Amino acid sequence: MGSTEQKLEGPDFSEGVELDSLREGVPLLGHVGDDAAILVRTKDDVHAIGANCTHYGGPLAQGLVVGHTVRCPLHHACFDLKSGAVLGGPALNPVACYEVQRDGSRVRVSGLLPEGALTKRRPTDPGISPDSIVIVGAGPAGAVCAETLRRESYGKDIVLIGAEDPGPIDRPNLSKDYLAGSAPEEWMPLRSADFYEQQSIQFHPNDEVKSIDATAQSVTLASGKKISYGALVLATGAEPIRLPIEGANLPHVHVLRTIGDSRAIIEASKKSKRAIVIGASFIGLEAAAALRSRGLDVTIVGPESVPLARVLGDEVGAFVKKIHEDQGERFELGRKPTKITERAVVLDDGRELPCELVVMGVGVRPRVELAQQAGVQIDRGVLVDARFRTSNPHIYAIGDVARFPWPRTDAAERVRIEHFSVAERHGRAVALALIGRSLEMRDVPFFWSMHHDVTISYVGHAEKFDRVVVAGKLDERRAVVAYFDGDSVRAIATINRDDASLRAERAFETDDQAALRALLS
Ligand code: FAD
């Protein structure tokens, strides 16, 4: 995956630093030999861990320290300062953790601790945990569930079945650097088959669960295998929608969900001069930017008058539109396509937009068919409780397919959220629930989206909002944007204000509306 690793700066912690020079909760950037590290003074201790997030190399020295944790400013991955372990996605791997010794008024890093040395794990209680766990879907949710179970000492069979080749991938990158041609192939897989072998996780790539027998507690795969489960985790994600219009299935019309989809668009882009993106959604706009950076002439078609306004509001939507226009993309807004031909997209005002390539980014639907077949309750997603249990006590659902209670919404309704780190965090939370260590999932939803060189970070969840307050200057690409529902801030979007995004996450966690409003001053 991508990396923004830093040059070595600051003191060499093996030579020691004065304890008094460390401010509580403020990471100090330095190094241990040739490795960048941070030293963090907490209330009762001093910790040293690697300086770069294992997701995209984000600078943890600029992160937020909360208790014995530090959060990455880029995508909010959370690490345990005591052990380097990942406590919250999107990171999967721990950071290095060092032994720290006090020597009078100085603290000194004395050596690297072996991975996991400080993580105390109770063996799982066989009376609580199921006899075997089968996970359907090897996206981020399913993948994190499988490896968390093993890491947390679940000792019985774990089976992970994934229909998508090659297995878990960095899906957000499919519409960003990978599609633009600036991310190499090796960044894309999250895990390899070897990893699963080492973890004794039975990984079935390129296979698909075709049916569930909820009474016998077994699944049958496309390959014909039948596998019994003590608990079943549905992590089947979502699938892209194709508009029900003539020509929607023509070979030059693509959707974008899998690495195969992204590769097919890349191949098609090499033979095309003009692309039409149908849908001014996050994925549609990101795909448009990637195709534009490959030199195509790109037009985005959408029924709304301002892209992304439903999620980000009119002002931010107009700002995003301008970013794309400044790069030469055109918009046909307030328009719907009525038909796609071999050479054009026909709009509802009769105009024909010539093109050789079409990408449809018009939304996804949760993949609920298996859940339906198993007879669990469904309502625009698989309904689960705070521990991800469906209406069948042996079946769980996580990630994009699940509709779950988010404690910070007033609405009695549950939410279904399509964010990468939320899916990973569901994976971890359900794994802990399955081995009887569950805490209700209280992680605050977070996503990011890239529009050429501008990244928007969004924390919280506003199903609806009636007021948007922009603090800072969008045209200078530095702003904090609050989404209010009545008097309550429901979500915060930021541009070049990762510090504020992290503080917003913490304020949502502690239900601190005053702190959220303070971010606007
Ligand atoms: P998925 O990732 O959809 O994985 C589900 C897996 O289950 C798939 O591999 C599927 O093949 C498999 N499966 C389904 N049915 C079966 C079956 N019967 N048997 C076996 N396997 C099965 N989120 C962000 O926060 N930020 C972003 O910038 C961002 N960018 C994105 C860009 C793109 C192009 C896309 C498509 C999504 C993006 N997202 C982003 C959303 C994010 O990737 C999803 O929320 C996340 O992948 C959901 O994870 P999941 O594990 O629930 O489902």
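Each ligand, and each atom within it, is numbered from 1 in the order the structure gives. Positions are given from 1, in the same order as the sequence printed here. Everything quoted here is computed from the prediction, not taken from an experiment.
Around atom CD of E315, no more than 12 heavy atoms belonging to other residues, nucleotides or ligands sit under 6.0 Å away.
Taking the six-membered ring for Trp and thresholds of 30 and 60 degrees, H324 and H451 have ring planes more than 60 degrees apart, a perpendicular arrangement. Taking the six-membered ring where tryptophan is involved, the planes of F446 and H76 are essentially parallel, since the angle between them stays under 30° and well short of 60°. Relative ring orientation between F404 and F388 is described as tilted, the plane-to-plane angle lying within the 30° to 60° band.
Residue, atom and distance of the protein heavy atom nearest to atom 10 (C) of ligand 1 are R367 NH1, 3.6 Å. Closest to atom 7 (O) of ligand 1 among all protein heavy atoms lies G137 CA, 3.1 Å. Remark: minimum distance from atom 27 (C) of ligand 1 to any protein heavy atom is reached at W448 O, 3.3 Å. Given atom 42 (C) of ligand 1, the protein heavy atom at minimum distance is F420 N, 3.7 Å. Considering only non-hydrogen protein atoms, atom 31 (C) of ligand 1 sits nearest to P172 CA, 3.5 Å. Shortest contact from atom 2 (O) of ligand 1 to any protein heavy atom: R171 NE, 2.8 Å.
Looking at R437 and E152, a side-chain N of the basic residue comes within less than 4.0 Å of a carboxylate O on the acidic one, giving a salt bridge. Look at R171 and E164 and you find a salt bridge, because one of the NZ, NE, NH1 or NH2 atoms lies within 4.0 Å of a carboxylate O, short of that distance. Classification of D261 and R257 as a salt-bridged pair fails, no side-chain N sitting under 4.0 Å from a carboxylate O. Between R274 and E356 there is a salt bridge, with a side-chain nitrogen of the basic residue lying less than 4.0 Å from a carboxylate oxygen of the acidic one. With salt bridges taken as basic N to acidic carboxylate O contacts below 4.0 Å, one links D297 and R330. Between E509 and R71, at least one side-chain N (NZ, or NE/NH1/NH2) sits under 4.0 Å from a carboxylate O, which counts as a salt bridge. The residues R503 and E505 are annotated as not salt-bridged, no charged nitrogen and carboxylate oxygen being separated by less than 4.0 angstrom.
Within the listing of ligand 1, atoms 20 (C) sit less than 4.0 angstrom from a heavy atom of D207. Annotation for ligand 1: atoms under 4.0 Å from non-hydrogen atoms of G399 are 52 (O). Under a 4.0 Å criterion applied to the non-hydrogen atoms of E208, ligand 1 contributes the atoms 17 (C), 18 (N), 19 (N), 20 (C). Residue A235 has at least one heavy-atom neighbour below 4.0 Å for each of these atoms of ligand 1: 5 (C), 6 (C), 7 (O). For ligand 1, the atoms lying closer than 4.0 Å to a non-hydrogen atom of V136 are 17 (C), 18 (N), 19 (N), 20 (C). Near K176, meaning under 4.0 Å from one of its heavy atoms, ligand 1 places the atoms 27 (C), 28 (O), 29 (C), 30 (N). Residue contact check: A141 has heavy atoms under 4.0 Å from atoms 51 (O), 52 (O) of ligand 1. If you number the atoms of ligand 1 from 1 as listed, the ones under 4.0 Å from a heavy atom of L370 come out as 18 (N).
Between atom 3 (O) of ligand 1 and the options H75, R257, H426, E286, the minimum heavy-atom separation is to R257.
When only interatomic distances are considered, the shortest N/O to N/O separation between S449 and ligand 1 does not fall below 3.5 Å. Where the criterion is an N or O separation shorter than 3.5 Å, residue side chain and backbone included, I398 fails it with respect to ligand 1. Considering backbone and side-chain atoms together, S175 places no N or O closer than 3.5 Å to any N or O of ligand 1. At under 3.5 Å, a nitrogen or oxygen of A163, whether backbone or side chain, sits near a nitrogen or oxygen of ligand 1. For E164, a nitrogen or oxygen atom sits less than 3.5 Å from a nitrogen or oxygen atom of ligand 1, counting backbone and side chain alike. Among the atoms of A423, none of the N or O lies under 3.5 angstrom from an N or O of ligand 1.
Counting heavy atoms under 4.0 Å from ligand 1, residue P240 does not touch it at all. The side chain of I283, and not its backbone, has at least one atom closer than 4.0 Å to an atom of ligand 1 (non-hydrogen atoms only; side chain from C-beta on).
Ring centroid separation for the pair F195 and F203 does not come in under the 6.0 Å cut-off. In this structure, Y229 has its ring center at least 6.0 angstrom away from the ring center of H394.
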